[in-house]
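Worksheet: the structure to be examined is printed underneath.
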2 protein chains.
Amino acid sequence: MLFKLAVDCIILAYDPLDNHLKVLLIQRENEPAKGHWALPGGFVDQSEDFAATAARKLRQETGVTVSYLEQVRAYALTDPTAGQRLASVSYYALLDLAHYAPATDRSHLAQWVPLVHLPTLPFDHGLKVQDAWQRLQEAARNQPVPFHLLPPKFPLNQLQRFYEALYQVPLDNRNFRKWVKGLPYIEPLEEVETNVSHRPSRLYHFKAAVYATFRQAAQLTPY
Amino acid sequence: MLFKLAVDCIILAYDPLDNHLKVLLIQRENEPAKGHWALPGGFVDQSEDFAATAARKLRQETGVTVSYLEQVRAYALTDPTAGQRLASVSYYALLDLAHYAPATDRSHLAQWVPLVHLPTLPFDHGLKVQDAWQRLQEAARNQPVPFHLLPPKFPLNQLQRFYEALYQVPLDNRNFRKWVKGLPYIEPLEEVETNVSHRPSRLYHFKAAVYATFRQAAQLTPY
DNA sequence: TCAAAAGTGTTTAAAGTACACCCATGT
DNA sequence: ACATGGGTGTACTTTAAACACTTTTGA
């Protein structure tokens, strides 16, 4: 029994303008579901592994190069075209929105959609987005997820709003800032925001090297 | 580009005799790596999904019916046989060792191996076992994993030793028991162990219905 | 009576939670 | 001067961590 193997990409970004986590959808150019908004993706080519396929499709279909790509899981297609079977492996990709600069001739074929307002998608793409979101939530407990989605220099409130968007809970501002102060790998800079019509916020940045040693030392409670 | 799709099963059980988490390995009957100890598994058949394939292979190769089957992830085979490519999806299965009763004609072809003393395995099976173990550790933080691996009635110390085996850390006995007392879904029975040459331990059991409502109420800290 | 594992409380430290006002900037 | 979001501290509650002896059974 032979399979065609597809890769689906759940490209995620955080939009600081409306504080939403968003997924990039493209308008399908081919049947089935031609013209519908769906996840970018495609078939695995000769001598590529899955992650390479995902990265290639991202470039081709969205003009995007991502810093972070993780497998979510494999899916057996529920409705196989008779005779030949299809399976797919989905990956989520994390992106700083500021770095999103698609080829202009394609930009009208792509849109960012908030996860909380996800429309009905063809195939099982809706499920795949939900699975990816859940995996991202889990990953963020053990890995420095936020810093792939935020710009290199960010104010603390932006980090807080990201967490609120990721887990869909409100966080207490004072307690959140207290928590961050205890993290050696999030460092305040001398710099502040400019050109805002309110008190400018101080910028922080993530120190990957410090994080690495810190994580190693941390022992999670087992139960 | 077409793929042959295989499923690998990481069958896990907890052995109360030596307090080890163990994986079931079988002796391969076919090339490649014929005669070597490896994970059970096989190719996905017509009109099966992955989980069904995993369950079927478990029955065929080990005579085991499992209560719990979760996908770990998909792997692109690192060394594809020229021309045709191979991918695999691995599943972990949880089993109460007391229920392990393989067909006798096959039993010499299978052995339980402690995760902490895993030998070098052919293909990338060693990696797959490690990945499955890690996923099990993560799953156990949000799901009632232990109760698939323990008998229906179990003493508390057995539960503690299971956690110690799963996370490879020693736990404080008094603090652990205090923690369990606070869980409404682990209920003491009137029954105790018999025929042990020391103070018999009280037996407990897991109440799935209580767990369901309890989990729903629980809000994990987001960061 | 001995060996072997089961069972039991208290004290201290750390982490989490609730809560309301002043600050710095642009307009 | 005002509108806007940034920034700050304290008291209380809950959870985690350290730690040693007594109990019950079979041999």
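Proteins come first, then strands; the chains are lettered A, B, ... in the order of their sequence lines, and each starts at number 1. Everything quoted here is computed from the prediction, not taken from an experiment.
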Sequence neighbours excluded, which residues qualify as side-chain hydrogen bond (donor to acceptor under 3.5 Å, both in side chains) partners of [X]?
X: B:Y92; result: none
X: B:Y75; result: B:D131
X: B:E164; result: B:Q160
X: B:E70; result: none

How long is the line joining [atom1] of [X] and [atom2] of [N], in whole Å?
X: B:E193; N: D:dG26; atom1: CD; atom2: P; value: 11 Å
X: B:N173; N: D:dA20; atom1: CG; atom2: P; value: 14 Å
X: A:F176; N: D:dG9; atom1: CZ; atom2: C1'; value: 18 Å
X: B:Q158; N: C:dA4; atom1: CD; atom2: C1'; value: 17 Å
X: B:L183; N: D:dT15; atom1: CG; atom2: P; value: 12 Å
X: B:Y204; N: C:dA6; atom1: OH; atom2: P; value: 12 Å
X: A:K181; N: D:dT8; atom1: NZ; atom2: C1'; value: 7 Å
X: B:W179; N: D:dT15; atom1: CH2; atom2: P; value: 13 Å

* Report the end-to-end axis angle of the helix from C:dT1-D:dA27 to C:dT27-D:dA1; each axis comes from five terminal pairs, and the value is rounded to 10°. =>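 Roughly 0° between the end axes, to the nearest 10°.
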
* To do: Look at the side chain of B:R161 and decide which nucleotide, out of C:dT17, C:dA6, C:dG9, has an atom nearest to it.
  =>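 Within the option list, the nearest is C:dA6.
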
* **Among C:dG9, C:dC19, C:dG7, the nucleotide that comes nearest once only the side chain of B:K178 is considered** =>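 So the nucleotide nearest the side chain must be C:dG9.
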
* To do: Verify the distance criterion only: is there a donor paired with an acceptor across the side chains of B:R215 and B:N142 at less than 3.5 Å?
  =>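 Checked: B:R215/B:N142 side chains show no N/O donor-acceptor pair below 3.5 Å.
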
* Say whether A:E191 and A:Y204, considering side chains only, have a donor N or O and an acceptor N or O under 3.5 Å apart. =>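 Not at all, the side chains of A:E191 and A:Y204 share no donor-acceptor pair under 3.5 Å.
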
* Is the distance between the ring centroids of A:F206 and A:F154 under 6.0 Å? ->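 Ring-ring flag for A:F206/A:F154: false, centres at least 6.0 Å apart.
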
* What are the two closest non-hydrogen atoms of B:A13 and B:L149, and how far apart are they? ->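 Here B:A13 and B:L149 meet closest at CA-CD2, 3.6 Å.
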
* Asked: So, for B:L121 and B:W37, which heavy atoms are closest and what is the spacing to 0.1 Å?
  ->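 In this case the closest contact between B:L121 and B:W37 is CD2-O, 3.5 Å.
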
* Asked: For A:L203 and B:R174, take the nucleotide of DNA chain D holding the closest heavy atom to each; which residue's nucleotide lies nearer the 5' end?
  ->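 That would be A:L203.
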
* A:N175 vs C:dG16: side-chain N/O to OP1/OP2 distance below 4.0 Å ->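 False: A:N175 side-chain N/O out of range (4.0 Å or more) of C:dG16 OP1/OP2.
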
* Structure fact -> Once base and sugar-phosphate atoms are separated, protein heavy atoms under 4.0 Å mark nucleotides 22-27 of chain C, 5' to 3', with B, S and - as -BBBS-

* Asked: Across the strands shown, which category fits A:R177 at heavy-atom distances under 4.0 angstrom: base, sugar-phosphate, nothing?
  ->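 A:R177: base contact, heavy atoms under 4.0 Å.
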
